[in-house]
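Just follow the structure's listing: the first ligand is 1, and inside any ligand the first atom is 1. Along the sequence shown, the residues carry numbers beginning at 1.
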Amino acid sequence: MRFASLGSGSRGNATLVEADTTLVMVDCGFSCRETERRLLQLGRTPAELSAILVTHEHGDHVRGVPLLARKYDLPVWMTRGTQRMLKDDKLPCVHHIDGHSGFSIGALQVQPFTVPHDACEPCQFAFEHGQLRLGVLTDTGRMTPHILACLQGCDALLLECNHDTGMLADGPYSDALKTRVGGSLGHLSNAQAATLLSQLDTSRLQHLVAAHLSDKNNRPALAQATLAGVLACEPDWVGVADQEEGLDWRAIA
Ligand SMILES: [Zn+2]
Ligand SMILES: [Zn+2]
């Protein structure tokens with residue numbers, strides 16, 4: 001199994017997960033043209049995609065979904081709530097996700113799980129291929145016992161580190177936006193991500209990647225240091241899915 005990021009942050013998110021010849025994209029928050037360009041940089045084309053999985057309807061996750069799905073005739077998997085908010089009835093093929101029921105796409109077994117986030121029926125995903133397990137968590141206001149249960153024992157984790165609490169408090173956001181981002185339906189801080197990580201079985205963890213970093217309220221080095229503190233590893237070992245550069249392919253073996 002392999003994974004990569006086309007980019008992550010408030011200006012667009014898209015993650016690739018691949019096993020054998022199955023290639024899925026989790027979210028597509030970039031324009032269709034930008035998605036094509038970023039896919040090419042990772043050595044893939046949209047026509048190779050088996051499916052698009054959507055976590056929730058926020059623009060940084062769905063911007064390119066309708067056009068990409070239509071142009072390349074791709075099936076889209078999402079909850080009924082996400083589809084309702086997407087307000088697009090011309091998608092070629094929609095599969096509805098029930099936030100508690102697993103399904104398979106080709107060689108990948110997908111387990112969605114519900115998260116507290118200010119969207120309509122949002123979910124996140126754990127992927128399995130054989131004995132290997134990848135957890136993806138990019139948008140949640142807080143950790144829950146259910147999230148913890150779904151992310152135990154992963155071989156690789158893409159984990160939201162949205163903001164540094166101090167930088168958010170002192171930063172340029174309005175009070176309303178600070179309350180939203182830092183609230184229990186907003187985004188995980190570095191410290192919250194570290195607390196979550198500390199409660200996971202990480203004995204099999206080969207890759208840890210910080211994602212959805214705010215460019216105004218966080219720094220990669222802060223997120224890396226905070227997560228590295230939990231695992232007692234070098235900060236450089238913790239990857240970062242960058243807004244512009246994304247993340248190159250990581251193999252899980
Ligand atoms: Zn969101
Ligand atoms: Zn987001």
In terms of heavy-atom contacts, F127 and M1 come closest through O-CE, 3.9 Å
Proximal heteroatom of H117 relative to the Zn ion (ligand 1) (N/O/S) = NE2
Which N, O or S atom of D139 lies nearest to the Zn ion (ligand 1), by name | OD2
Give a yes/no answer: is there an N/O/S atom of H187 under 2.8 Å from the Zn ion (ligand 2)?
-> no
Have a look at H58 and say which of its N, O or S atoms is nearest the Zn ion (ligand 1).
-> ND1
Measure from the ring center of H56 to the ring center of H117 and say whether it is less than 6.0 Å.
-> yes
May I have the step-by-step check of salt bridge (Lys or Arg N to Asp or Glu O under 4.0 Å) for D155 and R204, ending in yes or no?
-> CA-CA 5 Å; D155 300 272; R204 288 167 50 171; 2.8 Å; yes
Check: D139/H58 side-chain N/O donor and acceptor closer than 3.5 Å | no
Residue D60 atom name (nearest to the Zn ion (ligand 2); N/O/S) | OD2
Among the N/O/S atoms of H61, the Zn ion (ligand 2) lies closest to NE2
The Zn ion (ligand 2) to nearest N/O/S of H56 less than 2.8 Å = no
Do side-chain atoms of E160 reach the backbone of H212 as a donor and acceptor pair under 3.5 angstrom?
-> no
Residue pair E36, R33: steps toward the salt bridge (Lys or Arg N to Asp or Glu O under 4.0 Å) verdict = CA-CA 5 Å; E36 290 167 342; R33 176 182 296 215; 5.9 Å; no
